[in-house]
Amino acid sequence: TGLQGVQGPPGTQVGSVLIYNYGCQCVSPGGAVAFDQPPIPNILPVLGINFVSPSTVFLTAPGLFRVDYKLLTQCTDATVALFLNGTEIPASRYTSRLAPNQIDGTAFFALTAEQVQVPVQMTLRNVNPNHRLDVYCECLEPNTVNASMLITALVDPV
């Protein structure tokens with residue numbers, strides 16, 4: 001073992017938070033997907049990632065983030081995307097043309113210290129202007145997850 005280095009500045013704690021849903025829901029065009037279960041933090045709670053039921057994640061610390069989401073949908077032309085403060089995150093939009101089906105999406109984004117002076121609101125929304133999004137729950141075993149979002153803080157900003 002060697003000598004311990006100098007401690008760096010405080011920043012975002014690296015780790016993940018999972019939010020998920022069991023219940024049926026119909027999400028209107030432009031509406032946010034709800035998550036009816038409490039978040040599961042990693043071994044330690046992740047600072048700067050806070051879930052407020054039913055559908056909003058507040059990000060309060062700068063850093064690089066990865067968000068992975070999954071939805072079981074029972075409608076055709078289901079299209080969802082992630083939003084930060086009402087603006088769609090580039091490359092976060094995914095579509096399913098089949099029913100029933102699973103939508104899997106991934107997005108990466110960075111937040112600066114200036115951006116998080118006021119908490120940033122993140123939501124997963126139905127972006128199909130013509131169809132509601134039906135999150136599938138019929139014929140599923142009890143306690144089966146039908147929507148989830150894993151938010152990971154990847155890098156401490158320096």
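In this chain, residues are counted from 1 in sequence order.
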Would you mind reporting whether [Y] and [X] have side-chain heavy atoms less than 4.5 Å apart?
| X | Y | answer |
| --- | --- | --- |
| Leu84 | Gln115 | no |
| Tyr69 | Tyr94 | yes |
| Phe83 | Thr123 | yes |
| Pro62 | Val116 | yes |
| Thr60 | Asn50 | yes |
| Val80 | Arg93 | no |
| Gln37 | Ile19 | no |
| Leu133 | Asn128 | no |

Distance in Å, Leu59 CG paired with Ile151 CD1, rounded so as to fall on 0.5 Å steps: 7.5 Å
Spatial distance of atom CG (Asn126) from atom CZ (Arg132) [nearest 0.5 Å]: 10.5 Å
Connected via hydrophobic side-chain network under 4.5 Å: Val127 and Leu71: no
Sequence-distant partners of Cys24, disulfide bond (SG atoms under 2.5 Å apart), two or more places apart: Cys137
Derivation and outcome, side chain to side chain donor-acceptor pair (under 3.5 Å), residues Asp68 and Thr106: CA-CA 4 Å; Asp68 297 288; Thr106 300; 2.9 Å; yes
Test log, rule side chain to side chain donor-acceptor pair (under 3.5 Å), inputs Glu141 and Asn143: CA-CA 6 Å; Glu141 293 295 322; Asn143 299 325; over 6 Å; no
Side chain to side chain donor-acceptor pair (under 3.5 Å) partners of residues 21-33, not counting sequence neighbours, each pair once: Asn21-Asn146
Shortest non-hydrogen contact between Arg66 and Leu154, atoms and distance: CB-CD1, 3.7 Å
Thr73 to Ala78 - nearest heavy-atom pair and separation: OG1-CB, 3.7 Å
Pairs involving residues 104-128, ordered by first then second residue, that meet ring pair (Phe, Tyr, Trp, His ring centres under 6.0 Å) (sequence neighbours left out): Phe65-Phe109
